[in-house]
Amino acid sequence: MTTGAHDLAALLKTEPEIAGLVRDEEALQAETIRLIPSENYVSQAVLEASGTVLQNKYSEGYPGRRYYEGQQVIDQVESLAIARAQELFGVDHANVQPYSGSPANLAIYLALMKPGETVMGMALPMGGHLTHGWSVSATGTWFRAVQYGVRRDTGRIDMDEVRDVALRERPKIIFAGGTAIPRTIDFPAFASIAKEAGAVLVADIAHIAGLIAGGAHPSPVGHAEVISTTTHKTLRGPRGAMLMCDEVHAKAIDKAVFPGLQGGPHNQTTAAIAVALREALQPSFRGYAASIVTNAGALATALSERGFDLVSGGTDNHLILIDLTPQGVAGKPVAKALDRAGIVVNYNTVPYDTRKPFDPSGIRIGTPAVSSRGMGTAEMVRIAAWIDDVVAAVAKDDADALSATTERVRGEVGELTKAFPAPGL
Ligand code: DSN
């Protein structure tokens, strides 16, 4: 059993059921290979900051101008987080209060648009995010959304289509970024299209913020006027978000977050963001960011060599999208079988998917969490082999054979994870 950031003594005494579940989750995270590209392991320092008395304090407003007294400490915490975000990303302005990525993106709409105006984003099934104007999201309901995608032949963003749609539809804002984009995002090209169309470019770097901070992906700073990010993916902080922007948008963004959308910020999260940003400012973070990309490249190569069809043919970043159509299996049964084998992934649509989103053709995998454990290219080759074994077993449609395979892989995964202890656990 792992010990976790806290000894859970009080919780064990008063609430053994929840304490037991926390321990179970710790064990699950320690003993499985976590390949969900938006997940990670935060450090013990981030965990500790997340669970502090800072959560007892209300602090609506911003440092130096609050609606509650007693801000002697909280103002310092938030100011530190802001200053570190500015230093790390080289931005004019940072707001560290959004509760998570979706509220952060909603604040951008509130700051820059009126209901019914046009937003342009990447379509969800092409790799975008719900809040970039997809129909089931409030953003696709309250605003007029137009979408771009990837080319069928290359699996890469079609910049000609982006330009055509932007010039035809004249959106107020254009989102660059998403949740299933395996390739480098060309922020200068997006910026030039946005300028031509008279739109504000918003970079949603939630997935790649840690890569950008660590020098492993080009930065949107200087290209996008507004930048949105969560703090818990490659950036390896607590669950939260930040908005960064040019000075010209600072007032509108702050006003949109509070009082426009949110009440009091979650101060314990702000503290943990400050801790994570300091970690990201250390030279070692560059090595971590580089290892994510190297590992994803090695995993992609090993999977390709085993005959897997990777959207866009591979990856430039932390993420790989596998179309399982050639294997004759769907994403969901594969994701479930891999889970039984101790390899945690999510099923995902692939561009131009002919199957439904709840039972799509692909799986999405990524290397942030395994890189945080210190795994390297040799381990990626082993992981590719296990994925191949499980997919082949699912394709055979023989429950006993599948069960034997997932059991064997689970044992081997257990051995590997013991050799690479997870941070924070
Ligand atoms: N849920 C996030 C992801 O997994 O990419 C996006 O919001």
Side-chain angles (χ1 to χ4, degrees), residues 28-29 32-42 98-109 119 121-140 145 147 149-150 157 175-185 202-212 217 226-243 261 269 273 276 292-293 296 311-312 315-322 331-332 334-336 338-339 343-351 353 357-358 360 362-372:
L28 202 56
Q29 291 189 18
T32 55
I33 292 174
R34 300 169 63 227
L35 293 180
I36 292 178
S38 46
E39 292 185 353
N40 214 327
Y41 296 95
V42 298
Y99 298 144
S100 203
S102 296
N105 284 350
L106 269 182
I108 296 171
Y109 286 84
V119 56
M122 193 176 197
L124 183 70
M126 293 282 180
H129 189 256
L130 281 164
T131 56
H132 298 179
W134 193 239
S135 54
V136 297
S137 147
T139 62
Q147 313 258 268
V150 298
I157 295 175
F175 273 99
T179 61
I181 304 174
R183 294 295 180 177
T184 301
I185 299 171
V202 177
D204 184 339
I205 61 167
H207 264 257
I208 54 174
L211 302 184
I212 291 167
H217 187 291
V226 179
I227 299 168
S228 163
T229 187
T230 49
T231 45
H232 47 270
K233 299 186 174 92
T234 48
L235 193 54
R236 217 162 53 177
R239 298 196 83 92
M242 304 193 298
L243 287 170
L261 274 177
T269 301
I273 289 174
I292 291 176
V293 175
V311 171
S312 82
T315 180
D316 295 329
N317 52 29
H318 64 303
L319 182 150
I320 298 164
L321 195 53
I322 309 175
K332 197 171 187 173
V334 166
K336 290 196 173 301
L338 283 169
D339 192 48
I343 298 175
V344 187
V345 308
N346 67 276
Y347 56 86
N348 215 92
T349 51
V350 296
D353 210 325
F358 202 58
I363 55 171
R364 186 185 69 150
I365 60 176
T367 52
V370 290
S371 301
S372 288

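Remember, it's 1-based here, ligands and their atoms both numbered in the order they're listed. Note that the structure is predicted; figures quoted are calculated from it, not measured. FYI, the numbering just counts along the sequence from 1.
- Checking atom 1 (N) of ligand 1 against the protein gives no heavy-atom contact under 4.0 Å.
- Closest heavy-atom approach to atom 6 (C) of ligand 1 within the set Leu130, Ile36, Thr179, Asn348: this belongs to Thr179.
- Contact annotation: Arg364 has at least one heavy atom less than 4.0 Å from an atom of ligand 1.
- Side-chain atoms of Asp204 and His132 include a donor-acceptor pair closer than 3.5 Å.
- Checked options Ile343, Ile33, Thr32; the residue passing with Leu338 is Ile343 (criterion: side chain to side chain contact (heavy atoms under 4.5 Å, CB included)).
- Donor-acceptor pairing under 3.5 Å is recorded for the side chains of Thr139 and Ser137.
- Neither side chain, Asn40 nor Arg236, offers a donor N or O lying under 3.5 Å from an acceptor on the other.
- Remark: of the listed residues Asn348, Leu35, Val370, Leu319, Leu35 is the sole one forming a side chain to side chain contact (heavy atoms under 4.5 Å, CB included) with Ile365.
- The single protein non-hydrogen atom nearest to atom 5 (O) of ligand 1 is His207 NE2, 2.7 Å, given as residue, atom name and distance.
- Of all protein heavy atoms, the one closest to atom 3 (C) of ligand 1 is Ser38 OG, 3.4 Å.
- Annotation: atom 7 (O) of ligand 1 to nearest protein heavy atom, His129 NE2, 2.9 Å.
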